[in-house]
Every structure is written in structure tokens, then in C-alpha cells.
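Below you'll find the structure, written out as C-alpha cells, and then a few comments.
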Amino acid sequence: MRIPKTEMQLLYSIKVQTAKGNRDNISRTKAYEQFFNVHPEIQWSFLAGMVSRNAGWNMCDLEGIWFSHLLSSKYRLQLFLTYEEANWRIFQDAYPQLLLYHYSTKYGRPLFHLCHYFFITKFMTNQWKSFWKHRNHEKLVTALIINEQNIIEKPVIKKQSFVFHSLLFLLQDWMHFSTVLFPTCNGKLYGSSVSHFRNIDERINLGKKLANLLFSKELFPKFHEFSCRTEPTGARFDYEQYRKRPRYHETPMLRGVYPIIHHKAEKIEQWDSNKKIKKEWFIKPKWEEDPMLTDWYDHKQKQLHTAVMVKNWFFNKMTNREGVD
């Protein structure tokens with residue numbers, strides 16, 4: 001079936017914009033947050049931008065002054081590539097959806113019949129059609145969270161299982177890699193974590209909790225202020241500069257340490273073709289912990305510093321013993 005020339009041009013434009021936005025973590029963060037500023041009704045875009053900031057901080061931690069002493073360069077590279085691939089895959093799938101919505105509003109008619117040209121699942125195609133008619137914001141956010149976690153489940157989480165099952169990953173999971181932080185310009189940190197990162201149900205539940213926190217009436221203006229005022233660099237100084245006692249550049253800026261990774265844009269398998277959509281994925285999560293994580297974060301940083309010092313002490317002691325022997 002031939003499509004109109006205008007739609008062919010639109011498809012090309014979306015592919016170009018997606019490739020441009022998907023160059024690295026910084027470009028993804030900016031694309032998500034800029035889209036939200038144009039379309040604040042698409043709340044997932046702001047959630048994706050703030051989570052992308054966290055991905056950048058986690059990536060840059062690997063080359064910071066603490067983790068570079070704790071983990072081998074080989075493992076740090078493997079972990080960076082795993083985070084990079086997960087975030088690249090999510091953007092590659094989600095950003096064309098956002099742009100199709102954008103152009104639907106621009107032209108005043110739904111364009112979601114073009115979803116299949118980007119290998120977007122029938123599940124998400126139907127969700128966008130439903131949102132266009134009924135404007136159920138919360139349901140769309142949840143659907144996009146469900147989709148993104150299923151997008152990375154097989155090609156990243158399952159494929160890189162040796163990374164997520166390693167003792168070193170469990171160490172980082174304990175430190176803060178499984179925690180997403182939402183900073184504010186007054187120095188306070190909020191967020192939530194997942195204790196079983198490899199479990200897709202737990203990751204989806206975390207995403208829903210984060211969305212509820214991010215768009216809570218009291219806190220959303222503070223998070224949005226941080227986003228608007230703070231250029232993403234990947235360094236934790238992005239938010240530590242607002243702390244009462246800021247740390248000065250303990251982690252580098254992302255573009256100063258990592259090259260552009262060229263991914264292969266293969267045909268994406270539609271996960272919903274052989275997987276059932278669980279009803280509980282759409283159930284609103286319950287809060288069981290305090291979302292204020294400022295003191296928790298400071299405690300975890302002290303634990304990290306202590307772990308590095310203990311490792312260095314043990315290494316030096318063993319080296320000296322070998323020298324004596």
C-alpha cells in the first residue's frame with residue numbers, strides 16, 4: 001500500500017530527528033525534556049528525561065575518582081556499554097512515538113497508522129490511539145513504562161545476564177545504581193529504588209512509583225525548576241552544586257570520557273507478539289518508603305568511600321607482604 005508523499009517525508013524527518021537525538025546520553029536527555037516543554041501533557045517524556053539524567057550520572061560514576069579504584073576497567077566498560085545500549089534502545093523506540101504524536105497535533109489528525117514503519121508494538125499503537133480519543137494521561141504514562149521495560153528485557157537484561165548477576169553489579173546495586181534520584185535546586189534529593197533490578201515486574205513498579213513522585217503537586221515544580229536550570233553533563237556535579245556542602249567534580253562530564261557509540265539499528269522484535277500484558281502492570285503502586293533520600297544518599301556516599309579505602313588498604317598490605325616475602 002502506497003502512502004502519500006507528505007507522509008513519506010514525515011517518516012524520513014522522524015528518522016533523522018531520532019538519529020540526532022539518540023547520539024548519546026546528553027542528547028537523549030535534552031530531547032526528552034525539550035519535548036515535554038512543548039507537550040507537557042505527555043508526562044512520560046519528562047520522566048524519561050529525568051531517568052536519563054540518572055543514567056548519565058551512573059555512567060560517569062564509572063570513570064569517577066571512586067569507582068575507578070573499585071572496579072576493573074574492563075568491567076566498567078562493559079557496564080557502561082550495557083547502560084548505553086538499554087537507553088539507546090528505549091529512545092530508538094519511544095522517540096518516534098513522541099514525534100508521531102507531535103505531528104498529529106500539528107496536522108490535527110492522528111498519524112499512529114505510521115507506527116509500524118518504526119516497528120512500534122501494536123500495544124503502544126493502540127495506547128496512543130486511545131490517548132488521542134480519551135486523554136487518559138496516567139494510563140499512557142504506565143503503558144510507556146511497561147513498553148520501555150519490555151523493550152530492553154530480552155536484548156539487554158537477559159542477554160547481558162552475566163553483568164547483572166555478577167558480584168560487582170550486586171555491589172553497585174547496593175551502593176545506588178538501582179536508585180533513581182530526582183534533585184531540586186534547594187539541594188534536597190528525592191527518589192525510589194528497586195531491590196530486584198533483573199525482575200521486569202519490579203522495574204515496571206519502580207517506573208510507576210517514580211512517575212507518581214515526579215508529578216506530585218508539591219514536588220513537580222521543584223523538579224521541573226531543576227530540569228530547566230541545569231544543563232545535563234553526566235557529572236554528579238549537575239545536582240551536587242546545589243547541596244549545602246557541594247562536592248567538586250568527583251565524576252567527569254560524559255562527553256569528556258566517552259565516545260559516541262554506533263549501534264546497529266536492527267529490526268526490533270515486537271515483544272507483545274508473544275507475551276501477555278499483565279493486568280497488575282496497570283495497577284497503581286503503593287508507597288512503602290520515604291521518597292526523601294538526601295540523608296540516605298550522603299550515607300551511601302560515605303559507604304562507597306569507605307569501601308574504596310578498605311580495598312586500597314588491603315591491596316597495599318598484600319603488595320607490601322609480597323615485597324617482604
Side-chain angles (χ1 to χ4, degrees), residues 23-30 32-33 48-88 163-164 166 168-194 197 210 223 226-227 229-261 293-312 315:
R23 293 181 73 246
D24 64 8
N25 170 266
I26 304 300
S27 62
R28 289 177 208 123
T29 300
K30 289 183 176 181
Y32 284 136
E33 294 185 0
M50 293 296 281
V51 172
S52 181
R53 285 179 182 263
N54 277 262
W57 298 330
N58 289 337
M59 290 174 179
C60 290
D61 275 353
L62 298 171
E63 298 303 317
I65 64 176
W66 299 106
F67 276 109
S68 59
H69 285 87
L70 200 59
L71 307 173
S72 70
S73 58
K74 182 179 180 180
Y75 184 76
R76 297 200 314 271
L77 176 60
Q78 185 60 52
L79 193 54
F80 160 71
L81 292 174
T82 301
Y83 276 103
E84 166 64 19
E85 181 182 359
N87 285 272
W88 176 84
V163 172
F164 296 107
S166 71
L168 291 174
F169 180 80
L170 294 177
L171 170 66
Q172 297 182 58
D173 192 40
W174 170 65
M175 289 301 180
H176 59 64
F177 266 52
S178 61
T179 301
V180 175
L181 296 174
F182 294 152
T184 63
C185 294
N186 62 14
K188 293 182 180 179
L189 302 172
Y190 299 83
S192 186
S193 61
V194 58
F197 185 81
L210 290 171
F223 298 141
F226 170 84
S227 168
R229 284 181 55 182
T230 313
E231 182 77 7
T233 70
R236 287 196 180 269
F237 189 70
D238 287 356
Y239 63 83
E240 288 182 339
Q241 64 182 308
Y242 299 111
R243 304 296 306 281
K244 289 183 180 179
R245 297 179 180 177
R247 297 183 179 89
Y248 291 96
H249 303 291
E250 291 185 350
T251 61
M253 295 182 182
L254 186 134
R255 288 177 173 171
V257 290
Y258 291 122
I260 298 296
I261 305 299
L293 297 181
T294 309
D295 293 338
W296 174 92
Y297 177 79
D298 290 338
H299 178 65
K300 285 297 179 183
Q301 288 296 302
K302 290 178 182 178
Q303 287 184 325
L304 172 62
H305 302 168
T306 300
V308 172
M309 289 186 284
V310 168
K311 181 192 175 185
N312 289 341
F315 178 79

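What you are looking at is a predicted structure, and each value in this text was computed from that prediction instead of being measured.
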Partner residues of Ser193 under the side chain to side chain donor-acceptor pair (under 3.5 Å) criterion, sequence neighbours left out: none
Expected output: side-chain Gln241 to main-chain Asp238 donor-acceptor under 3.5 Å: yes
Residues that Ile261 engages under side-chain contact (heavy atoms from CB on, under 4.5 Å), provided they are two or more places apart: Phe80, Leu81, Glu84, Pro259, His263
Residues in side chain to side chain donor-acceptor pair (under 3.5 Å) contact with Thr294, at least two apart in sequence or another chain: none
Residue pair Arg243 / Asp298, side-chain heavy-atom distance below 4.5 Å: yes
Taking every non-hydrogen atom, the tightest pair across Tyr190 and Thr184: CE1-CG2, 3.9 Å
Taking every non-hydrogen atom, the tightest pair across Cys60 and Thr251: O-CB, 3.9 Å
For Arg53 against Ser227, the heavy-atom pair lying closest together: NH2-O, 3.2 Å
Contacts of type side-chain contact (heavy atoms from CB on, under 4.5 Å), residue Asn54, not counting sequence neighbours: Trp57, Val180, Leu181
Results of side-chain contact (heavy atoms from CB on, under 4.5 Å) for Ser27 - residues two or more places apart only: Arg23, Asp24, Arg255
Residues in ring pair (Phe, Tyr, Trp, His ring centres under 6.0 Å) contact with Phe182, at least two apart in sequence or another chain: Phe223
Qualifying residues under side chain to side chain donor-acceptor pair (under 3.5 Å), relative to Thr29, sequence neighbours excluded: Ser52
Listed partners of Tyr239 passing side chain to side chain donor-acceptor pair (under 3.5 Å), at least two apart: Arg236, Tyr297
Side-chain donor or acceptor of Tyr258 paired with backbone N/O of Asn25 under 3.5 Å: no
For Ser68, side-chain contact (heavy atoms from CB on, under 4.5 Å) partners two or more places apart: Arg76
Minimum side-chain heavy-atom gap Met253-Ile26 below 4.5 Å: no
